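Each remark here refers to the structure printed beneath this line.
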Amino acid sequence: MPTFGLVDCNNFYASCERVFQPSLIGRPIVVLSNNDGCVVARSQEAKALGIVMGVPLFKIRDIVELHDVVVRSSNYALYGDLSERVMSILAASAPQHEVYSIDECFLDLDRLPVKDLTGWCHALRRRTKRWTGIPVSIGLGATKTLSKIANKLAKTSAKADGVIDLANHPEWIVAALGKTPVGDVWGIGRRWSAMLNERGITSALELRNAQDGWVRQRMGIVGLRTVHELRGIPCHELETQPSPKKTTCCSRTFGHAIADKDQVRNAIISFAERTAEKIRNSGQVCGSMQVFITTDPFDTSAPQHSASASTTFMTPTADSRALVAAAIGILERFWRDGFSWRKAGVMLLDLSPAGDIQPTLFTNHVASNGLMQAVDRINDRFGRGTIGLGLSAKDAEWRMRQEQLSPHYTTRWQDIPRVRMSEQVPSGAEA
DNA sequence: TCTGGGGTCCTAGGACCC
DNA sequence: TCTGGGGTCCTAGGACCC
C-alpha cells in the first residue's frame with residue numbers, strides 16, 4: 001500500500017504577511033485578489049469572523065471596521081519566494097515529491113527509511129516553521145485524495161497537532177470520511193456537491209459507498225476515479241516532473257469599464273508582451289493566440305457583450321513583436337464601438353519547446369532570439385517593464401489597484417527588513 | 001461606488017475520411 | 001421503398017483545481 005503525504009501551508013498568504021510583520025499574529029487578516037476586489041485568503045481569525053472565500057471586499061466593510069481586520073493586497077513576489085523556501089525544505093526531506101500548488105506539496109513516503117512516520121512529520125513541521133516562519137499541516141493517506149482529507153482533519157483537530165496518518169491507521173478512515181462533507185472532497189466542486197446532496201449523498205463516506213455504474217454515469221470517469229481514491233485505490237500518481245504548460249494566459253479586470261479603443265488596445269499590447277515573456281522564460285513557443293474582451297457582467301444596466309478571436313502562426317514564435325502585432329490584428333477584427341469593456345486577456349495556445357521549431361524561409365530566428373534574450377535580461381536585472389515595445393503607458397487606466405500592498409521583503413533590495421538591536425547595543429545600529 | 005487570475009482534463013457533437 | 005460501420009480530428013463547453 002503506497003503512502004502519500006500532503007504538506008499544506010496553513011492560511012498561506014496570511015502567514016506570509018505575518019512572517020515579516022509579527023504584530024499581525026493573532027489578528028484577523030484578509031488578502032485581496034488583483035484590483036483589491038475579492039477576498040482570496042484569510043487568517044484563522046478572519047475565518048472565525050465568518051468572512052467567506054471570494055467575497056467582495058465592499059460586502060464585508062462592516063466586519064472589517066468592527067473587528068479591525070487587517071487588509072492586504074496580494075503580494076505574489078513575497079508569497080512565491082517564501083513558497084520556494086518551503087518547497088526546498090520538503091524536497092530535501094522527501095526526494096520523491098510533487099509541488100502541487102504555491103502552498104501544497106505531495107510527498108512519496110514509501111521508500112523513506114523511517115519507522116515512526118508521524119514523529120517524522122512532526123519534526124518536518126517544526127523544521128519548516130523554524131526555517132521559514134510558515135506553519136504547515138501534514139496528512140497521510142493511501143491515495144492523494146485520502147491524504148487531502150487527512151490534511152484537512154490535521155488542521156482542525158486540536159489533538160492531531162498538525163499531523164494525521166490515515167495510511168497506517170485504516171481504522172480511522174470510516175470516522176474521517178463520515179465527518180467530511182462531500183463538497184470538501186478533492187475533485188468534488190460546487191456543481192457535483194449540489195447534485196450529490198440532492199440525491200442524499202452528503203458525506204465522503206456516502207460517496208465512497210456509491211455504486212460505480214451510477215457514479216460513472218453522473219460524474220464520468222473523473223468522478224469515478226475520485227470514488228476509487230476514497231476506497232484507497234490510487235488513480236492519481238505522484239508527478240515528480242512538472243509537465244510543460246500547454247497554454248498560458250494574461251488577463252485582467254480593469255480598474256473601471258473602458259469604452260475607448262486605444263486604451264483597450266494598450267492593455268492588450270501589454271498582456272501580449274507579458275505572455276511572450278512567460279513562454280520565453282519556460283523555453284517555449286506558441287502556435288496560436290486568442291484574444292478576448294468582455295463587458296461588466298455585474299453592471300446589469302449596461303449592454304452586455306463578449307468577443308474573442310484567434311489566429312494561428314505559420315511558424316510557432318515567442319517574439320514579442322510578432323505576438324503583439326498578432327494581438328492588435330485580432331482586436332481589430334472583433335472590436336465594436338458602443339460597449340464599455342471591463343476585462344480583457346491574451347491566451348497563447350499550442351505551446352511547444354522552442355528547440356522543436358521547424359524554421360521556414362521567411363523568418364530569421366537567430367536575430368529574433370538574440371533581441372528577445374537581450375530584452376529579457378535587461379528586464380530581469382532592472383525590473384519587469386524596464387524596456388518593452390514602447391506602446392503601453394505605465395499609468396494606464398486599466399492598471400490594477402493595489403492600495404494595501406506589503407513590501408517585497410525578500411525580493412527587492414530596498415524592501416529588506418531592518419532589525420533594530422535592543423538596549424545593550426548603541427542606538428542607531430542597524431543590521 | 002466596489003465582484004480575481006491561471007490552469008487541467010473530459011465529453012459530446014460535427015466534419016470528414018474510407 | 002429500403003441508406004453501414006468504423007474511424008480520426010477538432011472545438012466548445014463544462015467540470016474541476018489552487
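Because the structure is predicted, anything quoted here is derived from the model rather than measured. In the text below, chain A, chain B and the rest are named by the order of the sequence lines, each starting its count at 1.
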Point to revise | Any donor-acceptor pair under 3.5 Å from Ser193(A) side chain to Arg190(A) backbone | key: no

Exercise for review: Indicate, with a heavy-atom threshold strictly under 4.0 Å, whether Val185(A) touches base, sugar-phosphate, or nothing.
Suggested key: sugar-phosphate

Check your understanding: How are the rings of Tyr13(A) and Tyr76(A) set to each other: parallel, tilted or perpendicular (split at 30° and 60°)?
Key -> perpendicular

Review point. Cation-pi between Lys343(A) and Phe254(A): NZ/CZ under 6.0 Å from ring centre and within 45° of the ring axis?
Key: no

Practice item. Have a look at Lys144(A) and say if it touches a base, only the backbone sugar-phosphate, or nothing, with a 4.0 Å heavy-atom cut-off. Key: nothing

Review point. What is the 5' to 3' range of DNA chain C, first to last nucleotide, that sits under 4.0 Å from any heavy atom of chain A?
Key: dA15(C) to dC18(C)

Check your understanding: If you find the nucleotide of DNA chain B closest to Cys249(A) and the one closest to Ser33(A), which residue's nucleotide is nearer the 5' end?
Key -> Ser33(A)

Practice item. For salt bridge (Lys or Arg N to Asp or Glu O under 4.0 Å), just list the numbers for Lys148(A) and Asp8(A), CA-CA rounded to whole Å, side-chain angles, deciding distance to a tenth of an Å, and then say yes or no. Key: CA-CA 9 Å; Lys148(A) 277 271 199 180; Asp8(A) 191 320; 5.2 Å; no

Practice item. Have a look at Asp36(A) and say if it touches a base, only the backbone sugar-phosphate, or nothing, with a 4.0 Å heavy-atom cut-off. Key: nothing

Review point. Does any donor atom in the side chain of Ser23(A) or Arg18(A) lie under 3.5 Å from an acceptor atom in the other side chain?
Key: no

Check your understanding: For residues 68-84 of chain A, which residues have at least one heavy atom under 4.0 Å from DNA chain B?
Key -> none

Practice item. Go through residues 55-66 of chain A and report each residue with a non-hydrogen atom lying under 4.0 Å from DNA chain B, sorted by number. Key: Pro56(A), Phe58(A)

Point to revise | Sub-6.0 Å ring centroid separation between Trp341(A) and His256(A) | key: no

Check your understanding: So, Ser147(A) side chain and Gly141(A) main chain: donor-acceptor pair closer than 3.5 Å or not?
Key -> no

Exercise for review: Name every residue in residues 187-225 of chain A that has at least one heavy atom under 4.0 Å from any atom of DNA chain B, in order of residue number, or write none if there are no such residues.
Suggested key: Arg216(A), Ile221(A), Val222(A), Arg225(A)

Review point. Is the number of heavy atoms from other residues, nucleotides or ligands within 6.0 Å of CZ (Arg333(A)) greater than 12?
Key: yes

Practice item. Measure from the side-chain N and O atoms of Thr317(A) to the backbone N and O of Phe313(A), and report whether any donor-acceptor pair falls under 3.5 Å. Key: no

Check your understanding: Are Trp186(A) and Phe4(A) near enough that their ring centres are under 6.0 Å apart?
Key -> no

Review point. Closer to the 5' end of DNA chain B via nearest nucleotide, is it Arg342(A) or Lys245(A)?
Key: Arg342(A)

Exercise for review: Say whether Ser406(A) and Asn75(A), considering side chains only, have a donor N or O and an acceptor N or O under 3.5 Å apart.
Suggested key: yes

Practice item. Name all pairs fulfilling the side chain to side chain donor-acceptor pair (under 3.5 Å) condition that reach into residues 215-232 of chain A, sequence neighbours left out, sorted by first residue then second. Key: Thr145(A)-Glu229(A), Asp212(A)-His228(A), Asp212(A)-Arg231(A)

Revision key, fill the gap. Those stems involving DNA chain B that have three or more consecutive Watson-Crick or G-U pairs, both distances under 3.5 Å, are B:5-18 with C:5-18

Review point. Side chains of Asp165(A) and Asn168(A): is there a donor and an acceptor less than 3.5 Å apart?
Key: yes

Practice item. Check step by step if salt bridge (Lys or Arg N to Asp or Glu O under 4.0 Å) holds for Glu332(A) and Arg265(A). Key: CA-CA 9 Å; Glu332(A) 292 296 334; Arg265(A) 189 199 285 115; 3.3 Å; yes

Practice item. With P as the reference atom in both, quote the distance from dC18(C) to dT3(B) in angstrom, rounded to an integer. Key: 25 Å

Exercise for review: In sequence, state the C-alpha distance, the side-chain angles, and the governing distance for Ser288(A) and Asp350(A), and then conclude on side-chain hydrogen bond (donor to acceptor under 3.5 Å, both in side chains).
Suggested key: CA-CA 6 Å; Ser288(A) 60; Asp350(A) 302 321; 2.9 Å; yes

Point to revise | Distance flag, aromatic centroids of Phe292(A) and Phe271(A), threshold under 6.0 Å | key: no

